[in-house]
Every structure is written in C-alpha cells, then in structure tokens.
Amino acid sequence: MRAPHVFIETFGCQMNEYDTELVRSILKEKGYRFTDAVETADVVLLNTCAIRENAHNKVYGHLGALKPLKKDKGLVIGVLGCMAQNLKKDLLEDDSLIDVLAGPDSYRSLPELLEKAAAGRKGMAVDLSEYETYADITPDRIEGVTAWIAVMRGCDNFCTFCVVPYTRGRERSRDFDGVVREAEALAASGCRQVTLLGQNVNSYRDGARDFADLLLAVADVRGIERVRFTSPHPKDFPEKLLEAVAGHPGICKHIHLPLQAGSDRILQLMDRTYTRAEYLALAGRIRARCPEIVLTTDIIVGFCSETDAEFAETEDLMRHMEYHSAYIFKYSERKNTIAARKYADDVPDAVKSERVTKLIEFQRAVSLKKNREMLGKTVDVLVEGEAKRSSDRWMGRTDGNIVAMFPKTSTTRKPRSLVSVRITDATITTLYGELV
Ligand code: 5AD
Ligand code: SF4
C-alpha cells in the first residue's frame, strides 16, 4: 500500500516553523511521506497562528480553498498550532472541513489522530502541558547552514493584548545539556548558525543555569560560528546577558527588543512591567556597552483608549531609538485575553491604519539611512542560499541580521562558512555588495 502523503503549510512565527519540523519528524517515524504538491496529498495539515485577526483569516481562506479537494478525494484535513484551541466548536459541526485538531503540546498524538481520521472518526487533542518540550525529538530539518532550536516554550507574562499564554501555555525550559548536544550534532552535520527560540527566551532556566549561560555554551560549540536568539522581553535583560552578547564574538550583535508602545499609561494597560524611561535606560546601556549592536522592535498602535498624544509618544520614542527595523501592527483584539475582558477596543480602524502608515513610513526612512551607513564597509556574511529573485546571486545575512546579496562568480560553489563582502549599494531592506 502507498504510504500516506502529507502536505503541511506553516503560518506565523519561527516557533511554528520549528514545530513543523517536529511534526515532520514525528510523522516520518510512523511511515508518513511528505509532498510539496497539495494535489498529491492524502493529508493536509495547516500549522496555524492566532496572534492577530488577519492570521486567523488567512487560515480560513486556505481551508475554503481545500473544499473541492476534500470532496473529490476525501482528503484528511488537520489544523495544528495556536488556532486549534479556538476551533473546537467548528470541528464538532457536521459540515466542518476539519478532521483533526492538535494544539502545540499535542503533536505526539498526531499519528493516532490521523489514523482515526482516515477511518472516518474526527478527533482532537488540545490540552496544554506544563512539561512538554519535545526534547527527545530531533526535528526534521531542511539541511543547511542555519537551524533553530526551541529552548523554552510557553509564556507566563500575560501581556494583556496577547493570546500566546492561552494558546501555548505555561513557560517551561529544555534541559541545558540536551540543547548543547543538539548544537554539537548540528555543527557536525554542517550547520554554522543556531537561533535559540522561545516566546520569552531570556526566561530560560535549568536549575542554576540561566539564558546567558546557555547562549555562551552554544556559542562555544566548535563549528558553530554564529548564535542568535529571539525574542527577549525587556523586563529581564540582566547585565550578564548583555556581557555575553557584547563579549562573545560568536554571539550576533542583534537584539530584537519589543517595545509595543511609548506611553507609560499604555504600557501599564498592556502590563508590560516597564516604563518608557526604563526601556530607554536599557537601550542606552546596551548601546554604550556594544555600539555596533543592531536593535529591532515590535510596535502595536491603536491599543485600547490610546490617544493621539499617547501615539505621539511612541513616534517620539522611535525617533529617539532609530531602530534598524521594526514590525508595526494594528491592535487586534483576541478573545479571552485580559484586554478583551477589561478594556474596549475603541480606537477606530481608520485611526489605527493612519498610525500604522505613519510609523511604517518613518521607519522606512530610518532603515534606509542605517543601511546606507554600511556603504563601503566590508562585512561578514553567512550565505543561506540563492537570492529568491535572481539565481546569479547569493543571499545571506550580516551579523546584525541584515539581508545581504552578492553576485556568484563562475567558480563559487555555495560558501558553507562566513565570507567577506564589501557593501556597494543599499535599499531599505537589503545590502548589495561584492565578495572580497
Ligand atoms: N494585536 C496586535 N499585535 C499583537 N502582537 C501580539 N498580540 C497582538 C495583538 N493582539 C504583536 C506584538 C508581539 C508580536 C509578536 O505580535 O507586537 O511582540
Ligand atoms: Fe505575548 Fe507578552 Fe508573552 Fe510576548 S511576552 S508572547 S507579547 S504575552
């Protein structure tokens, strides 16, 4: 009998990309095969995100598009990840397209759920666990020079806007030595860069050892040239972590430091647990200790009751910070969050849109200016592959995580290690240069 073929599509954050690698590993072990063509699949899995309304809508769009295939071929459809929790009701409806729901802590039960679904029985596993870290499962990675390792899962911060603590549950960390061994195995298979992932990565802890210890240990693994991490919370960025980033040549000089808002009243409503002044002081300390650091951020505009004057404080803080890049979002109310229960989502959508546009335009000018400062400089680039839109160029990233491209020469095979590139041109998002 032909082994069942699975098509899996991933939405959302890097943690979801990583989880897809775990799911591939779990299913391959049970004899499933994977396909890139949805038409040849027996099972379609959508690994979903719930962070904002448009993430939700995208998934509904994809589900709708699967309807004809489901009808013709009796496709098994599974929804995984953060939306699984919210879809319980839909699953139980008779005409539902969905056969299987599995939340982020339930991927071990997927083979059983899929088997039952193939026999016509719908099922779900959406319980959250206080312990599941999948530490014993080696993700089925696409082999390359970069890899992710999830070192902690879940989040205990309960920022009032955020659904993550409900969809991914409580914080838990993987064991220290297991992470280091995984990095060693990756290095042995040719990987040169590891990104340590966690919803709240600097809350990592294993006994007496904290995130800075882990970062240093992974950076010391022979063969690993670069270590990155995402995302830290500004509330716990101790001196020791800054020392590790600034002092170890293998730890990338890039910190993603989500600000969310520049007004103290809004920060308090969001329960971010820092003030504007505290955030600025932290950024100042980071820049003083490590002047070459690349700082990036996340911003939410139009949070409940945000006034024009409060929005202007976010604008002002961004002007002061001059981030290298920023993700800017409209506030999107998520069911069951503290904000949804306590505050009215009362900033009109048109006002949110206006605020987003204003910040994006401002940020584009800053990003261009920062990238243009690189002109004439020679930087180390780790090549990830061919440029998407031009097969005669390599694409890689600088230490600060900026995309850099340079022409292939007739003799270049894909470099598997850091190369020196002299920057000759820059746009808002990309540096262009030549190999030196
Ligand atoms: N609405 C808009 N943006 C959100 N984020 C998280 N929750 C919401 C929400 N309800 C943003 C935050 C976070 C990033 C991952 O997504 O800026 O840092
Ligand atoms: Fe959400 Fe806040 Fe946790 Fe980030 S730290 S995942 S924004 S609750």
Hey, what do you get for [atom1] ([X]) to [atom2] ([Y]), rounding to the nearest 0.5 Å?
X	Y	atom1	atom2	result
Ile423	Ile402	CD1	CD1	9.0 Å
Ile328	Gln363	CD1	CD	6.0 Å
Ser391	Lys408	OG	NZ	5.5 Å
Leu114	Ser109	CG	OG	9.5 Å

Should [X] and [Y] count as side-chain neighbours, where that means a heavy-atom distance under 4.5 Å?
X	Y	answer
Ile266	Thr314	no
Phe329	Arg52	yes
Leu267	Thr275	no
Trp394	Met405	no
Asn202	Phe229	no
Val6	Val23	no
Phe161	Thr337	no
Met83	Tyr60	yes

Taking only residues two or more places apart in sequence, or in another chain, which ones meet [X] in a side-chain hydrogen bond (donor to acceptor under 3.5 Å, both in side chains)?
X	value
Asp136	Arg108
Arg33	none
Arg389	none

Result of checking Lys58, Lys330, Arg334 against Glu53 for salt bridge (Lys or Arg N to Asp or Glu O under 4.0 Å):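 Only one of Lys58, Lys330, Arg334 forms a salt bridge (Lys or Arg N to Asp or Glu O under 4.0 Å) with Glu53, namely Arg334.
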Is a salt bridge present between [X] and [Y], judged by a nitrogen-to-oxygen distance below 4.0 Å?
X	Y	answer
Lys342	Asp271	no
Arg285	Glu239	yes
Asp213	Lys240	yes
Glu182	Arg174	yes

Taking every non-hydrogen atom, the tightest pair across [X] and [Y]:
X	Y	value
Phe406	Val421	CD2-CG2, 3.7 Å
Ser203	Asp236	OG-OD2, 3.7 Å
Tyr331	Ala339	OH-CB, 3.5 Å

Indicate every side-chain donor-acceptor pair of residues 216-225 with a distance under 3.5 Å to a residue at least two apart or in another chain.
| unit_1 | atom_1 | unit_2 | atom_2 | d |
| --- | --- | --- | --- | --- |
| Asp220 | OD1 | His248 | NE2 | 2.8 |
| Glu225 | OE1 | Ser417 | OG | 3.0 |
| Glu225 | OE2 | Ser417 | OG | 3.0 |

Would you say [atom1] of [X] has more than 12 non-hydrogen atoms from neighbouring residues, nucleotides or ligands within 6.0 angstrom?
X	atom1	value
Arg172	CZ	yes
Asn57	CG	yes
Arg265	CZ	yes
Glu112	CD	no
Glu373	CD	yes

For Asn336, side-chain contact (heavy atoms from CB on, under 4.5 Å) partners two or more places apart: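 Partners of Asn336 under the side-chain contact (heavy atoms from CB on, under 4.5 Å) test: none.
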Quick one: which residue pairs count as a side chain to side chain donor-acceptor pair (under 3.5 Å) with a foot in [range], not counting sequence neighbours?
range	result
residues 16-27	Thr10-Thr20, Asn16-Arg168, Asp19-Arg153, Asp19-Arg168, Thr20-Asn47, Arg24-Asp140
residues 183-194	Gln193-Arg228
residues 418-431	Arg422-Glu434
residues 286-301	Glu243-Arg289, His254-Thr296, His256-Thr296, His256-Asp298

Test log, rule side-chain contact (heavy atoms from CB on, under 4.5 Å), inputs Arg372 and Leu375: CA-CA 5 Å; Arg372 291 191 62 84; Leu375 291 176; 3.7 Å; yes
Partners meeting ring-ring contact (aromatic ring centres under 6.0 Å, His included) with Tyr204 (sequence neighbours left out): none
Aromatic ring proximity, centroids under 6.0 angstrom, Tyr166 and Phe158: yes
Given Val79, Leu110, Val43, the one that forms side chain to side chain contact (heavy atoms under 4.5 Å, CB included) with Val100: Leu110
Is it the case that the side chain of [X] and the backbone of [Y] share a donor-acceptor pair, with hydrogens and angles ignored and the cut-off at 3.5 Å?
X	Y	value
Arg141	Trp148	yes
Lys253	Val245	yes
Tyr107	Leu80	no
Asp210	Ala212	yes

Test log, rule side-chain contact (heavy atoms from CB on, under 4.5 Å), inputs Cys49 and Met15: CA-CA 10 Å; Cys49 168; Met15 187 64 88; over 6 Å; no
CA sep, side-chain torsions, deciding dist, call: Arg170, Asp105, salt bridge (Lys or Arg N to Asp or Glu O under 4.0 Å): CA-CA 11 Å; Arg170 298 289 59 75; Asp105 287 342; over 6 Å; no
From CA spacing to verdict: side-chain contact (heavy atoms from CB on, under 4.5 Å), Phe176, Leu214: CA-CA 7 Å; Phe176 192 98; Leu214 183 71; 3.8 Å; yes
Which atom pairs, donor and acceptor, lie under 3.5 Å between side-chain atoms of residues 123-131 and protein residues at least two apart or in another chain?
| unit_1 | atom_1 | unit_2 | atom_2 | d |
| --- | --- | --- | --- | --- |
| Ser129 | OG | Tyr131 | N | 2.8 |
| Ser129 | OG | Glu132 | N | 2.8 |

Qualifying salt bridge (Lys or Arg N to Asp or Glu O under 4.0 Å) pairs with a residue from residues 396-406, counting only residues at least two apart or across chains: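 As it turns out, the salt bridge (Lys or Arg N to Asp or Glu O under 4.0 Å) pairs with a partner in residues 396-406, which skip direct neighbours, are Glu384-Arg397.
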CA sep, side-chain torsions, deciding dist, call: Glu171, Arg205, salt bridge (Lys or Arg N to Asp or Glu O under 4.0 Å): CA-CA 10 Å; Glu171 280 177 10; Arg205 181 159 284 281; over 6 Å; no
Test side-chain contact (heavy atoms from CB on, under 4.5 Å) applied to Glu310 and Leu269, step by step: CA-CA 12 Å; Glu310 286 163 340; Leu269 287 185; over 6 Å; no
